[in-house]
Every structure is written in structure tokens, then in C-alpha cells.
Amino acid sequence: GEGCRTVPLAGHVGFDSLPDQLVNKSVSQGFCFNILCVGETGLGKSTLMDTLFNTKFEGEPATHTQPGVQLQSNTYDLQESNVGLKLTIVSTVGFGDQINKEDSYKPIVEFIDAQFEAYLQEELKIRRVLHTYHDSRIHVCLYFIAPTGHSLKSLDLVTMKKLDSKVNIIPIIAKSDAISKSELTKFKIKITSELVSNGVQIYQFPTDDESVAEINGTMNAHLPFAVVGSTEEVKIGNKMMRARQYPWGTVQVENEAHCDFVKLREMLIRVNMEDLREQTHTRHYELYRRCKLEEMGFKDTDPDSKPFSLQETYEAKRNEFLGELQKKEEEMRQMFVQRVKEKEAELKEAEKEVTVSLESRQLHEKFDRLKKLHQEEKKKLEDKKKSLDDEVNAFKQRKTAAELLQSQGSQAGGSQTLKRDKEKKK
Amino acid sequence: MEERQSPSPCSSRPSSPRTPPCEMFGSVGIEAVLDQLRIKAMKTGFEFNIMVVGQSGLGKSTMVNTLFKSKVWQSSVPNLELPMPQTLELHSVTHVIEEKGLKLKLTVTDTPGFGDQINNDKCWDPILSYINQQYEKYLQEELLITRQRHIPDTRVHCCVYFVPPTGHCLRPLDIEFLRRLCRTVNVVPVIARADSLTIEEREAFRSRIQQNLKTHCIDVYPQKCFDEDINDRLLNSKIREQIPFAVVGADREHLVNGRCVLGRKTKWGIIEVENMAHCEFLLLRDLLIRSHLQDLKDITHNVHYENYRVLRLNESHMLPRGPGWVNLAPASPGQLMSPGPGKVRKRANKDSREDEC
């Protein structure tokens, strides 16, 4: 059954200790707080952080020669009584130093989105550890305005416009000891009206809870805060106080008549730290998440139909994915077949050449063989001829010799000797 | 071109190796965040959902009334003219109770008919199904594109199981039920109607029950593996020694020695509910409300709900992980009945290695 009626208690039950239980748990887990400082080089961002948290964070002042805007992030562990705070300070480096500043805001927006993305990825994981996850999302952006005394720079307006839907912006006037009191009032009015006319949504301190409504309401009227930062201590009266000493006087950081530093510290840390974290999570992060999921094609259905729209979108995506996979497979297969064909053709060509050369070689061999044979025969014949010629020559010689003898014998009167020689010869 | 030193993704406990501790030279005001938390908590209010399980006649409704000192539940005498309910039906009632400006939205779920049938096989299924349905509801809300600022939490934070005071040991029904449920929800067993046992019988019963629990690897609340640090361990060990508490419930007041106390009046005396010598009701109340309420909710959210979520997301798809691939097929009835994974997920804890089943 439903029925949410209020039932009276007959005695002390004890669940009023619940906030304490909750607080104790949070204390043991620790808190984290991430501040982004956006401002031109030399406006005193690091000094202000040192002053706010009463410590000396490491770091070297940046040069003015950066080719682009970078973000530098450092995390520190602070401990005050039993509360542990994991503080991350992200600073822009080189903001406003370039000649062309059109893209200066981009690295900042990308950084903020990257932190949201990391959280979203963790949240969408199947096995996730959200309760021990180190939350790196930016909880507040302190925007440092240069103390020109006139109005906001166009770079400031453009940057703040790009950031106001992604992060809680608190604009502050840096190095405000450079401006006189009357100029300051005019400056603040100008800045506020410019912000309003350009539709820049800066962070408003919450006024819905009575315990803080009054102080927050007053503070809202003092925005943007004119701050002065200093880590040097000067003796004033009989106390050491943080101040900036000039020949004409000393600016005390914690003197509310001199600057709004104390107001900033009150609002940022002592009164609204938790609200800043909550707004980041419930407003800025949810907006990012919604946009991202819608971008990916998800949508909630209206309450009439069954709430399994994610299922349908998933099925559609799955089919799409499978279709693409098939197509790719097909393409690869085609390519493979093509390649194989080409290779086959090549091989055939090669084969042909080989056969041709083989045949020609065979022919050559045959020719050579025959030539050789022919030569051999020729030689033999020549030899024979030679031997025959020799014989003929030999015969001729003997014939000549015989005829010579014959002619000699006939002269000497001896046809008988010739006869006898002839008979001898027979 | 952009060089970013991103903060180390480790837990936000101090003295991790990569983040240097910083000395502060004066008060900054960080502790004011505790007050801010308190204010925020008071504004949003709290929710607590408790389920009582046990056979009829064990004094469940009376116990709830005694715990929250109000007529949360009308204790019912079973009407024997009506037929016994054939199936287990769960009844939920929601009330808002206020104490010192703090509003608590309390939902009590009763389980009439549990264990009352002749055949009680699978009588835990409707209960498991109910618990998982609440997880499912929360999961659906969490997966929406446009989410509510504060997702209504109907998940059961604590299940109080009433063991009948037989004096022997846990019955098979008890063991079966406890075994299945302790993986899905925080279970706190109590010995009901403990005024029928003497102190010695009570102690013997208790130690036998503890033995039974150990033998069957039943991890009741407070679970050993979730002790975060040495203080938790000390505190919870003491509690674990005394589980199950022997309780007596009463919603009538009587006069004892001039004081008005809650108690049961019998011919041989008045059993004072809030007297530690008589019964351990105070221990139960302190555990559930005064000291561990937030812890019960946290473990439900960080462990039991996450286990359910993992199971659901793993079962209903077979595709690549990563953002964009979260989906839910409609939960089949089988899924809602089965208990969560056997090994309960532990928080990072190096010391809890003993006594693991």
C-alpha cells in the first residue's frame, strides 16, 4: 500500500543521528574539490590560490611566450582537523598571450568535457567503483578579469559564454588594488551589465535555504569579487598579516574594506563548497550526459510506450553494426579473390616464359649437338682425305721414281734388265 | 600541443603516493563543509526501507512498532475463518516520521504467509523477486537520458529475519532462506519472542545459530569483508559476537518501579523491552537506527545494487562494452528469482582474509 502519512512518535527513536552518521562516512571517505582558474598570464592566479588555502603550492610563474593555451593541473592533499580534502587546481597557461585568440577557449572547454567524459565512462561501465572514484570534474571556475577599470574584454565575454553551461563560473577582478574605490564600483556595474546583456550565466549563491539565504543574497550583490592575493606577511599593529606593501600604504588581504578576498573565501569554501559540487553533478554533468547520450542515438520514450527504448536503439545499432561487418567481410573477400586472380595470371605468364625459354634451350642444345657431330664427321672426312692425298702423293712419287729408273735402264741397253726389273717387280 | 597533467585516479583517501600533502599555515575553513553536508541532508531528508520476514505469530509487526515507537503497523491476528493465503504476499507501508526536525521516510515491507504453508519450497522466491524488482526500478531510473534529480529509493536496505525460539538450531527453512538472501540484501537475523528462553538457553541457542551460519557460509550483516578500517572492525566484531540478538517486542507501557516502560506483562513478571538484562532489543535498535543506518544504505547501494546491475548488464547483451552499448533486454522472470552472485563484492581491504568461505 502507499499512503505516505506522517506518524507521530511516542518516544525518542534515535534516527536524528542520521546526519552525523552520514557526515562520519563522508569524513572517512574524504572530499574532493576541483577549481579551474582561467585568466591571462600574470593576473595572480597562483598567488590567489596560495592565499586562499593558506599554503604554498609549488609552481613556477609562466612565461608570455606560449604558442597556445594549455591547462596545468595539480592535486594536493589538505587536512584540517579531521577533514581531508583532495584539492585539484587547474590553471590556464598562456591564456591571452597569443596574437590570434580565436581558439583560446577551446582547450578549456575540451578539458572540462574530458572530465565529464571520464566520469560518464565510469558510470556506464559494467563493473564500476563509483564510490571510490576520484572525481575530477571541475566544480568551480574562477574567471580572472584584468583590472582595466573599463569593461570586459571580448575574449572574456566569448570564453565565459562558452563555459557558462558547463561549469559554475565565479568572476573575480584580479589585482584589484590597482583600481580606486570609485572606479571599482563603476567597473563592477559595467561588468555585471555586460554579462547580463550577453546572456552569460554566472553562478548564483543559493538562497533557498534559510540558514544561508541571507548571507548568500548579500554576496550575490557584490559579484564580481575584487580580490588581492599575497603570501607575504607584513607587521601591522602588533600582528603579522598578509598584505602588499607600497610606499603609499599597505593593502591588507583580509581587510574587507580593502578588498573582497574574505568574501570570496567565505562563499567559495566555508558556505557553498557542497552546493558547488552538487550543482556540478546534478546540473552540468547531467546536461553533458544527456547531450552525449542523445548524440549517440539514445532517447527515452514517452510514458505511454514501454520504457525499453534503449533496447530498440540497441537492436537497430546492432543490426547496423552487423550489416557493416558483413559488408566489410564481402569487400575483403572480393579483394582476396581479385588478388588471387591477379596472382594466378602472373604465375601463368611466368610459367609461359619459363616454358619458352626451356624449349629454346632444348633447341639450342640439339643444334649444338648436331653441329658437333657435323664437325666431327667433317674432321673425319678431312682426315681421310688427307690420308688419301698422302697415299696418292706417295704413289706419284714412286711412279716418278720408277719412270726415272726405266728411262735410265733403256739408255744403258738393257731392255733385258728392264724386262728383268719388270719381272722382278712382278 | 596540449599537455595536461591529469589528477591521479586513485581513491580520495589522504596520503596516496602521487598527491603531496600540503601544510596549511592557518585555518582555511574546510571543515565547514561538514556543516554544509548536514544542512543539505536535512533538506533532502532520508529514506529507509526495511523488510521483516518470519512465520506468523513471531511478533514482527509488534517489533516494527517498538523499533519506531509508533503505530507503523497494525498487528494482525490471523483470521482463522479466512483461508490461509496460498502464496506469499508482500505488503508495504510507507510513513514519514520526524524527529528533531529530521524527516525520515520509512517503508516497511511485511511478508505474511512466509513459512506457513505445509510445503514451503521456494517460499523465498516472491521475496527475492520483490527485492530484485526494486533494484530493477532503480536501475531503469538510473539509465534514463533525462534523470530525476533525486532517484526515489525503494530498495530494501535491511531484511530482519525472525528465527523462532526453538532453542535447538536453525531449521532447514531458515538456512535455505538465509543462504539465498544474504547475497542479495543485508540480512539481520534475530531470535524472536526471546522471553520464552532462559538466559542459558539463549546463549546456547545463539552459539549454535552462529555455528550454523558459519557452516553454511551465510554472511549476515555486518559483513566482515566490508569493514573499512580498524575502528569498524572492532565495532563490528563486537556486534558479530552477539548476532543474532534475542529480542522481545512490546507496544504497551507498564509501571515498573515508578517508571513507565515498554514491556510485556506476565504472571511471573514484567519483561522490559528496553532493559539489557531482559532482552537485546536495544542492541537491535542501535544497530539498525542509531549507528548503522547509513551503513546499511551504503552497502545496499555500493555492493548489492552494483552486483545486481552487473548481472543484468552482462546477461542482456553479448556485444562490445563501452559507452553507448548499455542496453537492457526485458528482465525475464528467471532473472528476478535468482539470487545475486555467490561472491559478494568487497571493498578494497587488505585485512579481511580470514574466515572467507
Side-chain angles (χ1 to χ4, degrees), chain A residues 1 4-11 13-19 21-23 25-26 30-32 53-55 68 70-71 73 75-81 83-86 88 107 120-121 124 126-127 131-132 134 136 209 211 269-270 273-274 282 290 293 296 298-300 308 310-311 314, chain B residues 1-7 9-14 19-26 28-34 36-43 46 68-70 93-97 99-100 102 104 140 144-146 149 289-290 293-294 302 310 313-314 321 323-324 326-330:
Chain A
C4 222
R5 60 191 174 102
T6 312
V7 199
L9 293 179
V13 177
F15 60 85
D16 54 341
S17 66
L18 262 178
Q21 292 181 35
L22 183 64
V23 161
K25 280 245 163 215
S26 304
F31 296 89
C32 67
F53 291 100
N54 242 328
T55 180
Q70 295 178 12
L71 283 102
S73 156
T75 309
Y76 310 97
D77 271 325
L78 303 174
Q79 185 94 17
E80 194 170 79
S81 65
V83 181
L85 180 72
K86 208 172 191 70
T88 302
L120 181 64
Q121 299 244 2
L124 287 180
I126 296 195
R127 279 190 196 280
H131 60 277
T132 49
H134 173 73
S136 60
D209 187 75
S211 49
I269 303 175
R270 292 186 185 174
M273 193 193 277
E274 187 54 36
T282 55
R290 184 163 67 233
L293 291 180
M296 293 199 279
F298 292 106
K299 51 187 189 293
D300 299 327
F308 288 128
L310 282 176
Q311 165 76 357
Y314 158 73
Chain B
M1 269 299 210
E2 273 121 49
E3 165 224 82
R4 284 165 214 179
Q5 300 164 335
S6 41
C10 53
S11 80
S12 50
R13 286 175 181 264
T19 56
C22 272
E23 271 299 318
M24 291 191 297
F25 307 122
V28 174
I30 298 176
E31 5 164 48
V33 75
L34 298 181
Q36 298 171 28
L37 258 186
R38 214 163 266 152
I39 295 176
K40 187 175 92 166
M42 300 281 280
K43 203 167 59 157
F46 292 87
F68 293 100
K69 292 238 166 70
S70 54
V93 155
T94 308
H95 295 297
V96 172
I97 45 182
E99 193 169 70
K100 296 211 179 127
L102 185 77
L104 176 68
Q140 293 285 352
L144 283 179
I145 308 287
T146 316
R149 202 184 178 100
I289 301 175
R290 293 198 184 169
L293 205 158
Q294 188 60 40
N302 295 333
V310 166
L313 295 184
N314 267 333
R321 315 272 162 89
V326 174
N327 83 303
L328 285 185

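Chain letters run A, B, ... following the sequence lines, proteins first and then strands; every chain starts at 1.
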To the nearest 0.5 Å, what is the distance between [atom1] on [X] and [atom2] on [Y]?
X         : Y         : atom1 : atom2 : value
Phe31(A)  : Leu37(B)  : CZ    : CG    : 4.5 Å
Ile126(A) : Leu313(B) : CD1   : CG    : 5.0 Å
Met42(B)  : Ser211(A) : CE    : OG    : 9.5 Å
Leu144(B) : Arg290(A) : CG    : CZ    : 11.5 Å

**Asked** What pairs with Glu274(A) under salt bridge (charged side-chain N to carboxylate O under 4.0 Å, His left out), at least two apart in sequence or on another chain?
**Response**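 Glu274(A) satisfies salt bridge (charged side-chain N to carboxylate O under 4.0 Å, His left out) with Arg277(A), Lys40(B) only.
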**Residues forming a side-chain contact (heavy atoms from CB on, under 4.5 Å) with Ile289(B), sequence neighbours excluded** =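 For Ile289(B) the side-chain contact (heavy atoms from CB on, under 4.5 Å) partners, ignoring immediate neighbours, are Val13(A), Phe15(A), Leu67(B), Phe68(B), Arg285(B), Leu293(B).
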**Prompt:** Counting heavy-atom pairs under 4.5 Å to chain A, which of Ala41(B), Gly29(B), Ala32(B) comes out on top?
**Reply:**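 Of the options given, most contacts go to Gly29(B).
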**Request:** Tell me, out of Arg149(B), Gln294(B), Glu99(B), who's got the most heavy-atom pairs with chain A below 4.5 Å.
**Result:** Glu99(B)
**Polar side chain donor-acceptor pair, Ser17(A) to Arg290(B), under 3.5 angstrom** = no
**Complete:** Minimal heavy-atom distance between Leu104(B) and Leu18(A), with the atoms involved, is CD1-CD1, 4.0 Å
**Item:** Minimum heavy-atom distance between Ser70(B) and Pro8(A), given as atom pair plus value
**Value:**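 Heavy atoms only, the tightest pair is CB-O, 3.2 Å.
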**Request:** State whether the side chain of Gln36(B) and the backbone N or O of Arg270(A) hold a donor-acceptor pair below 3.5 Å, judged by distance alone.
**Result:**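 Yes: the side chain of Gln36(B) pairs with the backbone of Arg270(A).
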**Asked** Do any N or O atoms from the side chain of Glu80(A) and from the backbone of Val28(B) form a donor-acceptor pair under 3.5 angstrom?
**Response**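 Yes, Glu80(A) side chain to Val28(B) backbone: donor-acceptor pair under 3.5 Å.
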**Request:** Could you check which of Asp209(A), Leu22(A), Leu85(A) has the highest count of heavy-atom pairs closer than 4.5 Å to chain B?
**Result:**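 With the most close heavy-atom pairs to chain B, the winner is Leu22(A).
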